[in-house]
Amino acid sequence: MRYEVVLFDLYGTLIDIHTDEQATKPWQELWEFLDATGAHYDDAAHLKASFDQLNAVNVQEARKGAQHPEWVEPDVLPVFQRLYAAGGAVASERLAANAAWVFRQACTSTFRLYPGAVDMLNALKQSGRHVVLVSNAQACYTRPELVKSGLTKVLDRILISSEEGIRKPSPLFFLRALERELTTPDHALMVGNEVQCDIQGAASAGIDGVYLHTAISRQDDPAVFPQAALSLEGADYAALTKFVLSE
């Protein structure tokens, strides 16, 4: 087989999701949770301002001295811990993770697996391929969502940018996944719904790409991308599976 490993993006590729971190609800619910667990802020607006300030410092610290600062992915979990400290409390990593999950759930209005996602992944695995997640995401949000969706049980390996410290389109992110799978770019395929991060990023590492133009692809991304080995409209897993198994 040509493709021994199939790399997958998560949001917009396997999961349909809509989040809004600027809405009032998530900050109000986070404020209530923090207040109940010992960290006190005047109101939700005060909390958001504090979070934004702490997050900016977190990003600045992570990117300092990096050759490609735009590819650096800081972990947001320490920001939640620092929110507790700034609010006059001490939080364990577990409590901070609980706060992050409260916030994430309040941000999310749509969350569902695309129909057929699990069946498609299982079909590829049954054909002898490994299926690996390479996601630009925050682990404190995404790890619980992977469990919730059932994908944790299906994927052979999971790489999340906040845990790796780098994000797509960095070729290093893709190559790191292949190193762990003991394979090379010519035996790998990337499946994703964003041209720059997924298809061009994979190409920069020498990896072929299948582009899924879904409803949450970037608005300026085209319906068909010539650089991709295959472009599909929507999460067309039947066509994806046929393409992979024919190679």
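For reference, positions follow the sequence shown, starting with 1. Heavy-atom basis, side chains included; hydrogens, waters and symmetry copies ignored.
Here the CZ-SG distance, from Phe173 to Cys197, works out to 10.5 Å after rounding to the nearest 0.5 Å. Here the CG-CG distance, from Leu10 to Leu146, works out to 5.5 Å after rounding to the nearest 0.5 Å. A distance of 9.0 Å separates CG of Leu159 from CG of Leu7, quoted to the nearest 0.5 Å. Rounded to the nearest 0.5 angstrom, Arg63 CZ and Asn58 CG are separated by 10.5 Å. In this structure, the separation between OG on Ser170 and CD on Glu73 is 11.5 Å, given to the nearest 0.5 Å.
Contacts of Lys125 classified as side chain to side chain donor-acceptor pair (under 3.5 Å), with partners at least two apart in sequence or in another chain: Asp156. Partners of Phe174 according to the ring pair (Phe, Tyr, Trp, His ring centres under 6.0 Å) rule, which considers only residues two or more places apart in sequence or in another chain, do not exist here. Residues passing the side chain to side chain donor-acceptor pair (under 3.5 Å) test with Thr152: none are found, sequence neighbours excluded. Under the side chain to side chain donor-acceptor pair (under 3.5 Å) criterion, Tyr3 pairs with Asp208, not counting sequence neighbours. In this structure, the ring pair (Phe, Tyr, Trp, His ring centres under 6.0 Å) partners of Tyr41, at least two apart in sequence or on a different chain, are His46. Legend: residues meeting side chain to side chain donor-acceptor pair (under 3.5 Å) with Glu163, ordered by chain and number and at least two apart, are Arg143.
The one candidate from Ile15, Thr142, Ile158 that meets the side-chain contact (heavy atoms from CB on, under 4.5 Å) condition with Leu151 is Ile15. For the side chain to side chain donor-acceptor pair (under 3.5 Å) test with His213, the passing option among Glu233, Glu194, Arg218 is Glu233; the others fail. The only member of Val210, Asp198, Ile199 that meets side-chain contact (heavy atoms from CB on, under 4.5 Å) when paired with Phe225 is Ile199.
Linking ILVMFWY side-chain heavy atoms closer than 4.5 Å, directly or via other members, places Val5 and Val131 in two distinct hydrophobic clusters. Val59 and Val72 are not part of a single hydrophobic cluster, where members link through side-chain heavy atoms under 4.5 Å apart. Hydrophobic cluster membership differs between Val195 and Leu240, with clusters built from Ile, Leu, Val, Met, Phe, Trp and Tyr side chains linked at under 4.5 angstrom. In the hydrophobic cluster analysis, where Ile, Leu, Val, Met, Phe, Trp and Tyr join through side-chain heavy atoms closer than 4.5 angstrom, Trp101 is grouped apart from Leu83.
By the neighbour-count criterion of 12 heavy atoms within 6.0 Å, atom CD of Gln60 is sparsely surrounded, having that number or fewer from other residues, nucleotides or ligands. Counting non-hydrogen atoms of other residues, nucleotides and ligands closer than 6.0 Å to CZ of Arg94 gives a total of 12 or fewer.
The closest side-chain heavy-atom distance from Tyr141 to Val76 is below 4.5 Å. At a threshold of 4.5 Å between non-hydrogen side-chain atoms, the residues Trp31 and Lys48 do not count as touching. Put simply, the side chain of Arg157 does not reach to within 4.5 Å of the side chain of His130, judged on heavy atoms. Counting only heavy atoms from C-beta outward, the side chains of Leu14 and Met120 approach each other to under 4.5 Å. With contacts defined as side-chain heavy-atom distances shorter than 4.5 Å, the pair Leu178/Pro185 qualifies. The side-chain heavy atoms of Asp35 and His40, taken from C-beta on, include a pair separated by under 4.5 Å.
Not one N or O on the side chain of Asn122 forms a donor-acceptor pair closer than 3.5 Å with the backbone of Val154. A donor-acceptor contact shorter than 3.5 Å is absent between the side chain of Arg104 and the backbone of Pro144. Although no hydrogens or angles enter the test, the distance criterion places no donor-acceptor pair under 3.5 Å between the side chain of Gln81 and the main chain of Leu95. Remark: the backbone N or O of Ala235 is not paired with any side-chain donor or acceptor of Thr214 at under 3.5 angstrom. Under the 3.5 Å distance criterion, the side-chain polar atoms of Arg129 are left unmatched by any main-chain donor or acceptor of Val6. Distance alone, capped at 3.5 Å, is enough to place a donor-acceptor pair between the Tyr211 side chain and the Pro222 backbone. Between the side chain of Lys168 and the main chain of Val134, a donor-acceptor pair closer than 3.5 Å is present.
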*Checking side chain to side chain contact (heavy atoms under 4.5 Å, CB included) for the pair Arg82/Phe51: CA distance, chi angles, key distance, verdict?*
CA-CA 9 Å; Arg82 292 169 189 170; Phe51 180 94; over 6 Å; no
*side chain to side chain contact (heavy atoms under 4.5 Å, CB included) between Leu232 and Phe243, intermediate numbers included*: CA-CA 11 Å; Leu232 298 170; Phe243 174 79; over 6 Å; no
*Show your working on side chain to side chain contact (heavy atoms under 4.5 Å, CB included) between Ile17 and Glu145 and close with a plain yes or no.*
CA-CA 11 Å; Ile17 191 169; Glu145 290 174 344; 4.1 Å; yes
*Would Trp71 and Leu172 satisfy side chain to side chain contact (heavy atoms under 4.5 Å, CB included), going step by step from the backbone distance to the final call?*
CA-CA 10 Å; Trp71 292 348; Leu172 300 177; 5.6 Å; no
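Between Tyr237 and Tyr114, the two ring planes are perpendicular [angle over 60°; tilted spans 30° to 60°].
Minimum interatomic distance between Tyr84 and Ala39 (heavy atoms only, all atoms of both residues): CD2-CB, 3.6 Å. The minimum heavy-atom distance between Gly192 and Asp9, with the atom names listed, is CA-CB, 3.8 Å. Heavy-atom minimum distance, Ala44 versus Gln28: CB-OE1, 3.7 Å. Among all heavy-atom pairs drawn from Cys140 and Leu77, the shortest one is CB-CD1, 4.2 Å. The nearest pair of heavy atoms linking Thr13 to Val191 is CG2-O, 3.7 Å. Among all heavy-atom pairs drawn from Ala23 and Trp27, the shortest one is O-CD1, 3.1 Å.
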